[in-house]
Protein chains: 2
Amino acid sequence: MEPVSTDHVAALRHFNRYFTRRIGALDDHYLGQDRPLGEARLLFEIGDGVSLRALRARLGLDAGYLSRMAKALETQGMVRITVHPDDNRLRMVELTPAGRIELKEQNRRANALAAGLLAELDPRQQEQLTEAMATAQRLLRLAGITVELVDGAAPEARACLDAYAADIDARFPEGFDKSDLVRPEEVSGDAGAFFVAYEEGRPVGCGALRRLKPGVGEIRHVWVHPAARRLGLARRLLAALEGEAAARGFDVIRLDTHATLTEAQAMYRASGYTEIPAYVDHVYADHWFEKRLP
Amino acid sequence: MEPVSTDHVAALRHFNRYFTRRIGALDDHYLGQDRPLGEARLLFEIGDGVSLRALRARLGLDAGYLSRMAKALETQGMVRITVHPDDNRLRMVELTPAGRIELKEQNRRANALAAGLLAELDPRQQEQLTEAMATAQRLLRLAGITVELVDGAAPEARACLDAYAADIDARFPEGFDKSDLVRPEEVSGDAGAFFVAYEEGRPVGCGALRRLKPGVGEIRHVWVHPAARRLGLARRLLAALEGEAAARGFDVIRLDTHATLTEAQAMYRASGYTEIPAYVDHVYADHWFEKRLP
DNA sequence: CGGATTCTTTGACTAGGGTCAAAGAAATAT
DNA sequence: ATATTTCTTTGACCCTAGTCAAAGAATCCG
């Protein structure tokens, strides 16, 4: 947790007030042009055939409420409701052609609204606005991500490692074999630690710390979900791992990485790691780094 | 109207969706902690004694709806409703001490929420976020301002000129006398033009164009409300005036300005104006500029 | 096979947010 | 002084958004 100046708090609140009043309110308005907002949102979320069950989970709606809204959209001719072929309890909802047209129209209106707003700005200003919003969004996303210590055997931990494995299997010319992953017991309890980063409840990154030998820890499997890259999350994970290593009394942290992962190497160097000779024979490593903890 | 790339439209909509979902929704939540949102908003808008009438105008509420909400707040002990001393039809609403405490608490909660969000970012990132939001807000404000041609005798035109006069009266060491302002007929119809910039319906800037002699126009009284400065609005006003001058067939535009208005001089130079000798004897001028229209 | 679970539908109900019109009280305009 | 306008209150409504519980149908589990 970092200290927060009241100036920044005031700035965030000020922007929030301005933005929701100026833009957010407009948005609601266009969406619910000729249809209640709930139905409009639902229409928007029905891509190409979803089950009511999935919609309920995704939008967090009450079963009865959803059932009624779906039926309303059906009588309006916007969607078709069918029984799931394999499970007769489930209902599938899909857009009719009319629904698709309606959605497109909704989209068109929203675009026209945004374009009308932007048209008052010259191209350079438009560019600046887009860039400022991208920066703000990147930082707000990062602020919403929490890094938590979990058990190495926890399902999210394994899910992250599986995603990590699949990810680098595609990137390494020689592929990647899962047997190289840390075993749960290596990164749990006294043996080590495992951190998972969550964004809105979903795991979007991980990192493992294990004891290499007395006083020496090893960081492994620092991974960030493709959709959460370029936010600065890897650094946060690294900081969490280093903090944990310091708390466990390690003096030195080591890690290895692969030649193809150039961004990772740059990050390690920028974080105070220096390249060292091979300290362990990992199949997939060809660069080794070390950092002395203060 | 500038062309708008679909990329910028998509960026704005994307940011909007993300922001309203992540931050806007949260905000609503805190506000309506133990009180309906409408009442919470009302409580927020009652500073130190407002009339129901003013609230109605400001928030665009139905008279009946407002009346009931105010009464609800009164029975909760949050506000006191009194009769306006000079007009017995009007009701004045003001916060009670309890209302003030409640409002402070509301504020504290909102601040805590924002601070909690920011605390995940390091100080440099907080700085960046604040700056990005300020940029975005500046540009969104500018995008929301329209510049319109109005009659020189229109009340908004005169209101702007009065504000302009008061403004520079305070800035010029020698003060400023209103008799130097353009007369309505000089900037109306065939004689000239008057532009007013509106932000959310309120005039926030102006600029006048009048015929000096055949083929030569003069720009006068370019003014921006203090709350709308540093947005780039003066340039927009200038562009509108120049466009109008070109449409009227002027070849040359002239203007004068005062030594204390250094920002204005910088803007004129940047916009292609060059300094010339005095072309007219204005009491308050000591720099004269000219621009040849293409 | 039988019981538990899952998924959906239906009925009943609530609160919030808001509109509309009538009417009374004051103030303003003529 | 009268008519008109302004401001507020009140009663009667409406819709949206949502909750809760019961019940029926299908599936899953042991």
Side-chain angles (χ1 to χ4, degrees), chain A residues 20-21 24-25 27-46 49-76 78-94 106, chain B residues 20-21 24-25 27-46 49-76 78-94 106:
Chain A
T20 45
R21 190 172 50 80
D27 217 55
D28 270 10
H29 210 72
Y30 86 77
L31 261 172
Q33 196 100 86
D34 37 11
R35 180 182 324 285
L37 229 133
E39 286 177 25
R41 268 203 298 254
L42 193 58
L43 202 58
F44 186 81
E45 291 288 338
I46 299 167
V50 217
S51 64
L52 284 186
R53 171 166 162 260
L55 278 175
R56 230 179 52 228
R58 175 142 33 111
L59 303 178
L61 295 174
D62 175 79
Y65 184 31
L66 176 59
S67 172
R68 258 181 277 259
M69 276 202 294
K71 202 152 58 169
L73 285 175
E74 192 185 26
T75 60
Q76 290 167 44
M78 296 292 114
V79 304
R80 196 177 300 114
I81 301 180
T82 54
V83 177
H84 190 283
D86 302 335
D87 186 339
N88 287 318
R89 290 171 306 180
L90 271 74
R91 296 287 171 278
M92 301 300 291
V93 204
E94 56 178 334
Q106 216 178 72
Chain B
T20 45
R21 191 173 49 78
D27 218 55
D28 271 10
H29 211 70
Y30 86 76
L31 260 172
Q33 197 100 84
D34 37 11
R35 181 183 322 286
L37 229 132
E39 286 177 25
R41 269 203 295 256
L42 193 57
L43 202 57
F44 186 81
E45 292 287 338
I46 300 168
V50 217
S51 65
L52 284 186
R53 170 166 162 259
L55 279 175
R56 230 178 52 225
R58 176 143 30 114
L59 303 178
L61 295 173
D62 174 81
Y65 184 30
L66 176 58
S67 171
R68 257 181 278 260
M69 277 201 295
K71 200 154 57 170
L73 286 174
E74 191 185 27
T75 60
Q76 290 166 44
M78 298 291 114
V79 304
R80 196 177 301 114
I81 301 180
T82 55
V83 177
H84 190 285
D86 302 335
D87 186 339
N88 287 317
R89 291 170 306 177
L90 269 75
R91 297 285 170 277
M92 301 300 291
V93 204
E94 55 178 335
Q106 216 180 71

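Naming: A, B, ... by sequence-line order, numbering from 1 per chain. In this text, all values refer to a predicted model and were calculated from it rather than measured experimentally.
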**Message:** Determine whether a donor-acceptor pair (one donor, one acceptor, N or O, separation below 3.5 Å) exists between the side chain of B:R91 and the base of D:dT8.
**Reply:**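 In this structure, the two groups form no donor-acceptor pair.
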**Message:** Whether the side chain of B:R68 and the base of C:dG17 hold a donor-acceptor pair under 3.5 Å is what I'd like checked.
**Reply:**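 Side chain to base: no pair below 3.5 Å.
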Compare side-chain N and O positions of [X] against OP1 and OP2 of [N] and report whether any pair is under 4.0 Å apart.
{"X": "A:N88", "N": "D:dT27", "value": "yes"}
{"X": "A:R41", "N": "D:dA17", "value": "no"}
{"X": "A:R89", "N": "C:dT8", "value": "no"}

Of the options [options], whose atoms approach the side-chain atoms of [X] most closely?
{"X": "A:R56", "options": "C:dG18, C:dC7, D:dC7", "value": "C:dC7"}
{"X": "A:K71", "options": "C:dT10, C:dG17, D:dT27", "value": "C:dT10"}
{"X": "B:L52", "options": "C:dT19, C:dC7, D:dT9", "value": "D:dT9"}
{"X": "B:P36", "options": "C:dG17, C:dC7, D:dC7", "value": "C:dG17"}

**Prompt:** A:R53 CZ to C:dT8 C1': how many Å, rounded?
**Reply:**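 A:R53 atom CZ is separated from C:dT8 atom C1' by 12 Å.
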**Prompt:** Should B:L43 and B:M78 count as side-chain neighbours, where that means a heavy-atom distance under 4.5 Å?
**Reply:**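 Yes, close enough: below the 4.5 Å cut-off.
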**Asked** Between B:R53 and B:V50, is there a donor-acceptor pair closer than 3.5 Å when you use the side chain of the first and the backbone of the second?
**Response**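 Judged by distance alone, no pair lies under 3.5 Å.
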**Request:** Starting from the 5' end of DNA chain C, give me the residue, A:L90 or A:D62, whose nearest nucleotide shows up first.
**Result:**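 By nearest-heavy-atom nucleotide position, the 5'-most residue is A:L90.
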